[in-house]
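Encoded as C-alpha cells, here's the structure I'll be asking about.
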Amino acid sequence: MSTGSVASESARKKPGEDSRGASSQPEDPQKNNLVLFDTTLRDGEQREGVNLNIEDKLRIARRLDELGVDYIEGGFPASNERDRELFERLAAEGLKNSTLAAFGMTRRKNLAAADDEGLHALAVCAAPVIVLVGKSSVSQVELILETNVEENLAMIGESVEFLRLQGKRVFFDAEHYFDAWLEDPKYALQALEAAWLAGAEYLVLCDTNGGMLPHQIYEACQDTLAALKGSAAISSYAEGHPERAVPALGIHCHNDSGCAVANSMEAVRAGVIHVQGTVNGYGERVGNADLLTILVNLQLKLGYQLVSDEQLAGLTDLSHYVAETMNITPDPHHPFVGTNAFAHKGGMHSSAVLRYKPAYEHIQPEKIGNFSHIVVSELAGRAALASKAAELNVSLPEDPDSLAELLAGVKEREANGYSYEVADASLALLLARRSNELVECFELESFRVITERQADGRTNSEATVKLWVNGQRFVATGEGNGPVNALDAALRLAITANYPETESFELSDYKVRVLDDSTGTGAVTRVVIETRDIDSTRSWGTVGVSENIIEASWDALVDAITYGLLTSSRE
C-alpha cells in the first residue's frame, strides 16, 4: 500500500453499504475516520486461565468479523505455530468486514532487520497488517532492552521500513507511551517520529501499565498530536508526502486504574482515530479496555457510525459467546451486555420503568441485543423466550399458562446451572420437548463406562450403551482415549445403521466448568460440547449439567447427535 493509506482508510467500504453500514454520515469528519481494532485473540488471551485452541480462535474471529470491527489482531506468529495456522485459515476463507492483523516486535538490538527471524515470520505470515510494538521510554530502553536510545530509534524505523518493503501495512504500538511522556516527552516523540517517517499508518499510544487517569490521557494525546503536527522532521517529510502531513494516532489502554474505557473515550475526544480493546475487557492482570462498551458509547452516545444497527444488535450475544468460548462466567452486571444490565427489582424502579423506560434505562437495550426485565415479573422473560424460539424455528404454545410453565422450566434449568449462550441446540431441543414437538431419534436403556489405567501408564476407556432405535434394541461397545470419547464411539456404533448421517458429525470442542466449588469433587459440573458437520459449515453447541461429569457429558452428547440429525433432515 502507498504511503497514503491512512488518508484512504475512511473510504474503505464494506460490501453493499457505506464505510460504516450507516444510512447517513455524521458531519464531523473525524467520525468518518475512526476505526476499531480488536485484540481479544492476542491481548485478551493473556488473561489468566484462558487458553484458546485454533477452533476457538476461528469461531471468535468469525463473530468479530460479523460485528464489523475494522481490524482483528489474531496473535503472535513469530512465536506460535497455532497463530500462523490461524492466519492461513482465515486468509483462505476470507473475512467479510474486517482486516486481519498480526503482532510482533521490532528487530533485536544490534541486528539488521533483514536478519531478524521474528520480522521474517511477520513478513511471510498471511496477515496483511502487522502491529509492531517498540519502546518509547528511555528507562525501558536502558533497563529492559539494555541498549541506548539511538539504537532503539533505529530498531523502530528499520523494522517498520523492512515490513513495508515486504508489502505489509504497519501499525506501531508505542509501549509504555504515557509513562514515557511523563518521563521524557522529547524522546517519546522521537520514537513516534521514527515509526511515522518509516511508513507506519497509525501511531498507537499504549497505557501499558494501565495507571493513567482520564484527564492525563486527554492532555497527553492532545499535546502529542500538536507536537507531531509541529515536528520539523515530519513537516520536512510531508513536503514530499502531503497526504501524511498529519500523523494518525491510536489508543491502547489497560484497566489497572479502572479507567480503561474512560481513558479510551478521552483519547478519542482529544483527536485519536484508532481505538484498540478486547471483548468484555479481557486481558492480563485486570484486563484491557472493553471494546464493546467503547463501541456502544461512541455510537449511541456520541453519534459515531461504526457498525450497522443490525450488527450492533448482536453485541450482547457476541459478549456472552466469547465469554463461554473462553470458559469464563459472563458477568451479569457488565455494562450494556450483562443479563442484569437492564434488570429492575420490585418497588419504585419497576413501577416507573413500566410507565416510562428512560426513567431507569439510559439506552434502549434492544439496540444492543439485550432486554430489560423486572425481576418480579416474567413478561420480559416470555418475550425473550419467544424471540429465541422464533430464531431457532421452534413454535411455542399460545396458551398463556402453558407458555408460563415452559418459561418456568427454562428458568429452573438455568438456576440449576444450564447455560444456553453457546448451546442453542440444547435450548431448541428443550423448547421442542416441552412443546411436545420433538420425536426422539433414539431412547436410552442404559450406559456403562470403564476406565483402566495400565502398568505402562496408558489409560483406556470402554463404554457400552444399550439403546432403542425405531423399535429395535441395540447394544454397542466403543473404546476411546477417555470416557466421553468412548461414549461417543459407542453411541455412534449403536445408531449408525439407522442414521448414517452421524458419520459426518465431529466433536470439535469439549469444556467443563465446576459450578459449585464448595462441595469439592462432588460439585455440580457443566459440560459444553461443540459439534460440527464436516460435510458442511454447520456447527452447534449443546450443554449438560450434573453432579456426575459423565452424566453431564452424556446429556450434552445426546443433544448434539439429536440436533444434528433433526436439522440435517430439514435440509
Side-chain angles (χ1 to χ4, degrees), residues 392-394 409 413 418 420 423-454 458-512 525-536 538-571:
L392 297 171
N393 197 29
V394 176
R413 289 173 71 84
Y418 285 84
Y420 297 107
D424 272 359
S426 284
L427 179 57
L429 293 174
L430 173 63
L431 296 179
R433 287 179 178 123
R434 295 293 176 98
S435 300
N436 297 317
E437 290 187 4
L438 180 64
V439 177
E440 300 288 354
C441 300
F442 50 86
E443 181 182 351
L444 173 69
E445 178 181 312
S446 67
F447 70 76
R448 179 179 62 188
V449 181
I450 299 173
T451 298
E452 178 184 40
R453 181 181 175 88
Q454 299 176 351
R458 290 182 300 169
T459 301
N460 295 317
S461 293
E462 179 182 285
T464 299
V465 299
K466 300 176 183 179
L467 301 174
W468 290 85
V469 185
N470 295 329
Q472 289 185 287
R473 186 173 184 265
F474 291 86
V475 179
T477 299
E479 294 183 331
N481 54 17
V484 178
N485 186 212
L487 274 173
D488 185 30
L491 175 56
R492 291 168 188 269
L493 284 172
I495 66 175
T496 298
N498 285 274
Y499 301 111
E501 309 97 297
T502 58
E503 293 183 357
S504 67
F505 300 165
E506 180 179 80
L507 192 155
S508 58
D509 198 13
Y510 174 87
K511 287 187 174 70
V512 178
T525 57
R526 178 167 68 226
V527 171
V528 175
I529 287 177
E530 183 81 14
T531 306
R532 66 182 178 187
D533 187 343
I534 60 176
D535 290 341
S536 69
R538 294 194 312 133
S539 65
W540 55 94
T542 52
V543 62
V545 173
S546 174
E547 292 179 353
N548 186 312
I549 190 173
I550 303 301
E551 182 180 25
S553 301
W554 170 262
D555 289 344
L557 187 60
V558 167
D559 273 7
I561 298 296
T562 301
Y563 185 82
L565 290 173
L566 292 176
T567 52
S568 64
S569 65
R570 293 178 189 171
E571 297 176 351

* To do: To the nearest 0.5 Å, tell me how far Ile495 CD1 sits from Glu501 CD.
  => 9.0 Å
* Which pair of non-hydrogen atoms, one from Ser426 and one from Val543, has the smallest distance, and what is that distance? -> OG-N, 2.9 Å
* Structure fact -> Minimal heavy-atom distance between Leu557 and Val484, with the atoms involved, is CD2-O, 4.4 Å
* Quick one: list whatever passes side-chain contact (heavy atoms from CB on, under 4.5 Å) with Arg458, sequence neighbours left out. => Gln454, Asp456
* Structure fact -> Per side chain to side chain contact (heavy atoms under 4.5 Å, CB included), Phe474 is matched among Val465, Leu491, Asn498, Thr496 by Asn498
* **Separation of Arg532 CZ from Ser508 OG (nearest 0.5 Å)** =>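 So the gap between those two atoms works out to 5.5 Å.
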* Identify the two heavy atoms, one from Thr531 and one from Ala560, that lie closest to each other, and give their separation to 0.1 Å. =>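 In terms of heavy atoms, the two residues are closest at OG1-CB, 3.3 Å.
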* Listed partners of Ala489 passing side-chain contact (heavy atoms from CB on, under 4.5 Å), at least two apart ->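 Here no residue qualifies.
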* Asked: What's the verdict on side-chain contact (heavy atoms from CB on, under 4.5 Å) for Arg413 and Leu430, showing C-alpha distance, side-chain angles and the deciding distance?
  -> CA-CA 10 Å; Arg413 289 173 71 84; Leu430 173 63; 3.6 Å; yes
* **Side-chain (Thr542) to main-chain (Ala425) donor-acceptor, under 3.5 angstrom** =>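 No, Thr542 side chain to Ala425 backbone: no donor-acceptor pair under 3.5 Å.
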* Working for side-chain contact (heavy atoms from CB on, under 4.5 Å), residues Thr477 and Leu493 -> CA-CA 8 Å; Thr477 299; Leu493 284 172; over 6 Å; no
* Structure fact -> Looking only at heavy atoms, the pair that brings Ala556 and Gly544 closest together is CB-N, 3.7 Å
Residues 439-449, side-chain donor-acceptor partners within the protein, below 3.5 Å, at least two apart:
{"from": "Glu440", "atom 1": "OE2", "to": "Arg433", "atom 2": "NE", "distance (Å)": "2.7"}
{"from": "Glu445", "atom 1": "OE1", "to": "Trp468", "atom 2": "NE1", "distance (Å)": "3.1"}
{"from": "Glu445", "atom 1": "OE1", "to": "Arg473", "atom 2": "NE", "distance (Å)": "2.8"}
{"from": "Glu445", "atom 1": "OE2", "to": "Arg473", "atom 2": "NH2", "distance (Å)": "2.9"}

* **side-chain contact (heavy atoms from CB on, under 4.5 Å) between Leu566 and Leu429, intermediate numbers included** => CA-CA 10 Å; Leu566 292 176; Leu429 293 174; 3.8 Å; yes
* Shortest non-hydrogen contact from Pro483 toward Ser461 -> N-OG, 3.3 Å
* Rounded to the nearest 0.5 Å, what's the gap from OG1 on Thr464 to CD1 on Ile450? Could you check? => 6.5 Å
* Structure fact -> Here the gap from Ile534 atom CD1 to Ser539 atom OG, rounded to the nearest 0.5 Å, amounts to 13.5 Å
* **Atom pair CD (Glu479) and CG (Asn460), whose distance is rounded to the nearest 0.5 Å** => 6.5 Å
* To do: May I have all residue pairs that pass side chain to side chain donor-acceptor pair (under 3.5 Å) and include part of residues 480-491, sequence neighbours excluded?
  =>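 Listed by first then second residue: Asp488-Arg492.
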* Could you check Ile561 against Thr502 for side-chain contact (heavy atoms from CB on, under 4.5 Å), going step by step and ending with a plain yes or no? => CA-CA 7 Å; Ile561 298 296; Thr502 58; 4.0 Å; yes
* Asked: Which heavy atom of Ala490 sits nearest a heavy atom of Gly478, and at what distance?
  ->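 Shortest heavy-atom separation between Ala490 and Gly478 comes out as CB-N, 3.6 Å.
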* Asked: Does a donor on one side chain and an acceptor on the other come within less than 3.5 Å for Tyr510 and Ser553?
  -> yes
* With sequence neighbours excluded, what pairs up with Tyr499 under the ring pair (Phe, Tyr, Trp, His ring centres under 6.0 Å) test? -> none
* **Geometric class of the Trp540/Phe505 ring pair [parallel <30°, tilted 30-60°, perpendicular >60°]** => perpendicular
* **Pairs satisfying salt bridge (Lys or Arg N to Asp or Glu O under 4.0 Å), at least one member in residues 461-471, at least two apart** => none
